[in-house]
Novice: 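Mind having a look at this structure? Questions to follow.
Here the structure is a predicted model, which means the values were calculated and not measured.
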Amino acid sequence: GILDKTGIKKYIGRINLDTEISEKINIGFNLNASLINDENGRDGLNTNESAGPIYGSLLYDPTEPVYNADGTFARSPNLTTNNPMSTLMGVFNTAETNRAMANFYINYEPIDGLIAKINLGSDRSNMRRDVYNSRATILGGPVGGIADISTLSRSSYLGEFTLDYTKDLNEDHSINALGGITYQRFTNRVFMGNIQNMPTDALQTNALQLGDTNYDNLSSLKEENTLLSYLARVNYTFRDKILFTASIRADGSSRFGSDQKYGYFPSFALGYKLTDESFVPEVFNELKLRASWGQTGNQEIGNYASQLTFGAGRNAILGGSIVGTVQPSRLANTALKWETTTQLNIGIDYGFLNDRITGTIDNFKNIRIRFTTSNPQDMSEDVLNVMAKHKNICKHIHLPVQSGSDKILRLMNRKHTVSDYKELIGNIKKIIPDCGISHDMITGFPNENDDDHKMTLELMDLSLIHI
């Protein structure tokens, strides 16, 4: 790179193999592998101690020396910006990425015109990034260095089976039909860890266990999703002038609700080649009218958006000890379904003067039905149902309910009468009589300007409900 200690090294290998085992069977194998070593730049538009060497040099006092008399990096007493050279030489940021893509297929033609194909594929990548802020930097100096490691592992596996049939019925008519099933599975794994106070900067990120475990931070994540699709397509050709295509896909995704995992997406297309018609001027060497209508689906909503999920809740004091809790962050939404885009297209393709001039004229209309991402259910009803089902084990489970509740909270800026408030608490106590409820489960303040003594219940004041 232009900056010292920046750059990239890439190594790539490829193998392709195709062979015929017999007149009816042929197989193929492809492998692509790569190794990428990055020395990442340390720049950006962050300011102060987070600025990189380039941006930091614009902010730093140019009258300050680069080094002290003892050879250490000098630092301005009037600024919170690193000496640019200390950032360049004292922050280590490297990444290594390994990726391998493999594909294997086998074609079998049992009868003339019919080809059965099995296709298997794999795409795996592993990335590790190491960042170390040494004692020469403002961030790393006071805490004895900061070592950070993050890893990302991605894998995708594909399996396909298709039947492809082509038949010329006579000189005027021909058809092609394709049917098949595909399956794809995706997995992501993430790990991140950092620690402070390393015994020496020479270790960088290579011995995190020697850091101060009172100041470590760990996190990890695993996500999976799958796709299962069924597809069919028919092409019909008349005298190589009129072209018709009809297709349909049934795509199933694990990301959607149990009632809406599959989406169905048909399409139709009609084309008419006018080039050989007698009424078309000879100046045109290509002229084609076409029209199409079709639907496509989109599943990019992230993983687990349709499922009940939990997040960290408030701490509770139980038996004299502080206990961490979890709380529902999102209810299951079985109505979450595919986003569907419907498109109608009418167009003309043309070319004349021996294709010296070519072009396309299109008129199309899109209609998009977006995701239903909001949860139509009343969370408080689900909470009360959970309480009723588990009231016998309420002494052993402590679940705070802090977000999404409608009847319990009505969220922010919604008002209730005091009698509504008391009735709600009474109903909860009837369901879980042996558990008890913190006296500050719901707090609020009277609205003095309301003659009906309505109370505004605030989301952030909710304490614990023990179930």
Novice: Hey, is CZ on Phe238 packed in by over 12 heavy atoms from elsewhere, all under 6.0 Å?
Specialist: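 It does: Phe238 CZ has more than 12 such atoms within range.
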
Novice: Does Arg255 come within less than 4.0 Å of Glu300, counting only side-chain N to carboxylate O?
Specialist: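 Looking at Arg255 and Glu300, the cut-off is met.
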
Novice: Are more than 12 heavy atoms, taken from residues, nucleotides or ligands other than Gln209, located less than 6.0 Å from that residue's CD atom?
Specialist: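 For Gln209, atom CD is crowded (more than 12 foreign heavy atoms under 6.0 Å).
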
Novice: Would you say that more than 12 heavy atoms from the other residues, nucleotides or ligands in this model lie under 6.0 Å from the CZ of Arg189, or not?
Specialist: no

Novice: For the atom pair CG (Asp18) and CD (Glu20), what is the distance rounded to the nearest 0.5 Å?
Specialist: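 If we round to the nearest 0.5 Å, Asp18:CG and Glu20:CD are 10.0 Å apart.
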
Novice: Assess whether a salt bridge exists between Glu286 and Lys273, defined as any Lys/Arg side-chain N lying under 4.0 Å from an Asp/Glu carboxylate O.
Specialist: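 Salt bridge flag = no for Lys273 with Glu286.
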
Novice: Is Tyr264 close to Tyr230 at the side-chain level, that is, under 4.5 Å between some pair of heavy atoms?
Specialist: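 No. Closest side-chain heavy atoms not under 4.5 Å.
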
Novice: Under a 4.0 Å threshold between the charged nitrogen and the carboxylate oxygen, would Arg185 count as salt-bridged to Glu224?
Specialist: yes

Novice: State, yes or no, whether a side-chain contact exists between Leu270 and Phe268 at a heavy-atom distance under 4.5 Å.
Specialist: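 No, side chains not in contact.
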
Novice: Taking salt bridge (charged side-chain N to carboxylate O under 4.0 Å, His left out) as the test, write out the residues that go with Lys24, two or more places apart.
Specialist: none

Novice: Got a salt bridge between Arg290 and Asp362, using NZ or NE/NH1/NH2 to carboxylate O under 4.0 Å?
Specialist: yes

Novice: Taking only Lys NZ, Arg NE, NH1 and NH2, and the carboxylate oxygens of Asp or Glu, determine whether Asp123 and Arg99 approach each other closer than 4.0 Å.
Specialist: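 Counted as a salt bridge, because a side-chain N and a carboxylate O are separated by less than 4.0 Å.
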
Novice: Quick one: are Ile138 and Arg75 in side-chain contact, heavy atoms under 4.5 Å?
Specialist: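 A side-chain contact exists here, since the closest heavy-atom pair is under 4.5 Å.
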
Novice: More than 12 foreign heavy atoms under 6.0 Å from CG of Asp112: is that the case here?
Specialist: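 Count not over threshold, so no.
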
Novice: About how many Å separate OG of Ser150 and CZ of Arg128, when rounded to the nearest 0.5 Å?
Specialist: 9.0 Å

Novice: Looking only at heavy atoms, which two atoms of Pro53 and Thr87 are closest? And how far apart?
Specialist: CD-CG2, 3.8 Å

Novice: Is there a side-chain contact between Tyr105 and Asn26, using heavy atoms and a 4.5 Å cut-off?
Specialist: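 Touching, per the 4.5 Å side-chain cut-off.
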
Novice: Mind checking the CG-CZ spacing from Leu231 to Arg249? Nearest 0.5 Å is all I need.
Specialist: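 Those atoms lie 5.5 Å apart.
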
Novice: Mind telling me whether Phe352 and Phe284 have parallel, tilted or perpendicular rings, with 30° and 60° as the class edges?
Specialist: perpendicular

Novice: Output every pair passing side chain to side chain donor-acceptor pair (under 3.5 Å) with a member in residues 190-200, not counting sequence neighbours, ordered by first then second residue.
Specialist: none

Novice: Listed by chain and number, what are the ring pair (Phe, Tyr, Trp, His ring centres under 6.0 Å) partners of Tyr183, not counting sequence neighbours?
Specialist: none

Novice: Decide side-chain hydrogen bond (donor to acceptor under 3.5 Å, both in side chains) for Asp251 and Ser229; before the verdict, give the C-alpha distance in whole Å, the side-chain angles of both, and the deciding distance to 0.1 Å.
Specialist: CA-CA 4 Å; Asp251 293 318; Ser229 301; 2.5 Å; yes

Novice: A side-chain contact here means heavy atoms from C-beta on lying under 4.5 Å apart; do Tyr108 and Ile118 qualify?
Specialist: no

Novice: Could you report the tightest heavy-atom contact between Phe92 and Ser134, atom names first, then the distance?
Specialist: CE1-CB, 4.4 Å

Novice: In the structure I gave you, are the side-chain heavy atoms of Gln260 and Trp338 within less than 4.5 Å of one another anywhere?
Specialist: no

Novice: For the residue pair Tyr157 and Ser122, what are the closest heavy atoms and their distance?
Specialist: CE2-OG, 3.6 Å

Novice: Are Ile301 and Phe256 side-chain neighbours, meaning at least one heavy-atom pair lies under 4.5 Å?
Specialist: yes

Novice: Decide yes or no for Asn176 and Asp164: does some side-chain heavy atom of the first lie under 4.5 Å from some side-chain heavy atom of the second?
Specialist: yes

Novice: Can you tell me which residue among Thr342, Thr341, Thr340 is in a side-chain hydrogen bond (donor to acceptor under 3.5 Å, both in side chains) with Gln295?
Specialist: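 So, applying the side-chain hydrogen bond (donor to acceptor under 3.5 Å, both in side chains) to Gln295 and each of Thr342, Thr341, Thr340, only Thr342 qualifies.
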
